[in-house]
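What follows is a single structure, written as structure tokens, with notes after it.
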Amino acid sequence: MPSPSSAPSLADRIEDLLPQTQCTKCGYPACRPYAQAIADGSAPHNQCPPGGAEGIARLSQLLGRPVIPLNPANGVEQPRLLAVIDEQACIGCTLCIQACPVDAIAGAAKQMHTVIDELCTGCELCVAPCPVDCITMETATPGRTGWQAWSQEAADAARARHDWRSVRLKRDKQENDARLAAKAAAKLKEVEAAEAGTPEQQAEQARKKAIIQAAMERARLKKLQAEQDSAPKAS
């Protein structure tokens, strides 16, 4: 989202018109990347099944482009769906929780999971990862499709949950990387401090040091690449 002091970009305004189900049916990993692709001309404005015909009309008006049919390669306009977990069959693997882009599934490892109905966007991303096929999608808005089956308030709330989830996952990864880096540094210090009298012991010590140092260097380069990838691109 744009900062309060900056004018919304075209991608911002396009994103505001998307339903924020984060379903990836448009061919992009979330609504924001699709909005950016429309803005830069690399994607057409008819690839969002949850938005349906009304969503395409809204985008057409903003972009000054013709209203065109939904691309069938991306899916069909349909009623809003709701994920339902067979709680008796659920094994608590957490794969559906990890897959849900808007934190609409509650549960813990080896505990029963359940869908928070009012938060579910019907994206279907939780179905495929389930190893015991205990998740089904049921029609939540019979007779109402696209934006008639959704609301701007629901879209805004879904986007907020998706954005917060992204921040949380990034923070968790950074914290885990920091723990691993500290552990590796402590292990390296331990290896360097160990006595190695015989040539064999010295060779083993050198081998362990090389392994740890190589792992630390890979982690450093990976972190550097991630920072470069997330840095704002020059316009």
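The side chain to side chain donor-acceptor pair (under 3.5 Å) test applied to Ser60 returns His45, not counting sequence neighbours.
Separating the CD atom in Glu77 from the CH2 atom in Trp147 is a distance of 12.0 Å, to the nearest 0.5 Å. Taken to the nearest 0.5 Å, the CG atom of Asp16 stands 11.5 Å off from the SG atom of Cys31.
Using a distance-only test at 3.5 Å, with no hydrogens or angles considered, no donor-acceptor pair links the side chain of Gln47 to the main chain of Gly27. Formation of a donor-acceptor pair under 3.5 Å by the Trp150 side chain with backbone atoms of Pro50 is not found in this model. Of the possible polar contacts, none joining the Thr94 side chain to the Ile97 backbone as a donor-acceptor pair under 3.5 Å is found. When atom types are taken as modelled, the side chain of Thr21 and the backbone of Cys123 share no donor-acceptor pair closer than 3.5 angstrom. Looking only at distances, no side-chain donor or acceptor of Asn46 sits under 3.5 Å from a matching main-chain atom of Ile68. Without hydrogens or angle criteria, Asp172 side chain to Leu169 main chain gives no donor-acceptor distance under 3.5 Å. Distance alone, capped at 3.5 Å, places no donor-acceptor pair between the Ser42 side chain and the Ile38 backbone. A side-chain donor-acceptor contact under 3.5 Å links Gln20 to the backbone of Glu15. Proximity of a side-chain donor or acceptor of Arg161 to a complementary backbone N or O of Val102 within less than 3.5 Å is detected. Side chain of Gln148 to main chain of Thr145: no donor-acceptor pair is present (N/O by atom type, distance under 3.5 Å, no hydrogens or angles).
Listed by first and then second residue, the ring pair (Phe, Tyr, Trp, His ring centres under 6.0 Å) pairs that reach into residues 111-146 come to none, sequence neighbours excluded.
Residue Ile91 comes nearest to Pro131 through the heavy atom pair CD1-CG, 4.0 Å, listed as atom of the first residue, atom of the second, then distance.
A continuous path of hydrophobic side-chain contacts links Tyr34 to Leu63 [ILVMFWY only; heavy atoms under 4.5 Å].
A salt bridge links Arg165 to Asp103: at least one charged side-chain nitrogen sits closer than 4.0 Å to a carboxylate oxygen. Salt bridge absent: Arg159 and Asp163 never bring a charged side-chain N and a carboxylate O closer than 4.0 Å.
In this structure the side chain of Cys126 reaches within 4.5 angstrom of the side chain of Ile105, judged on heavy atoms.
Side-chain polar atoms of Gln36 and Asp40 form no donor-acceptor pair below 3.5 angstrom.
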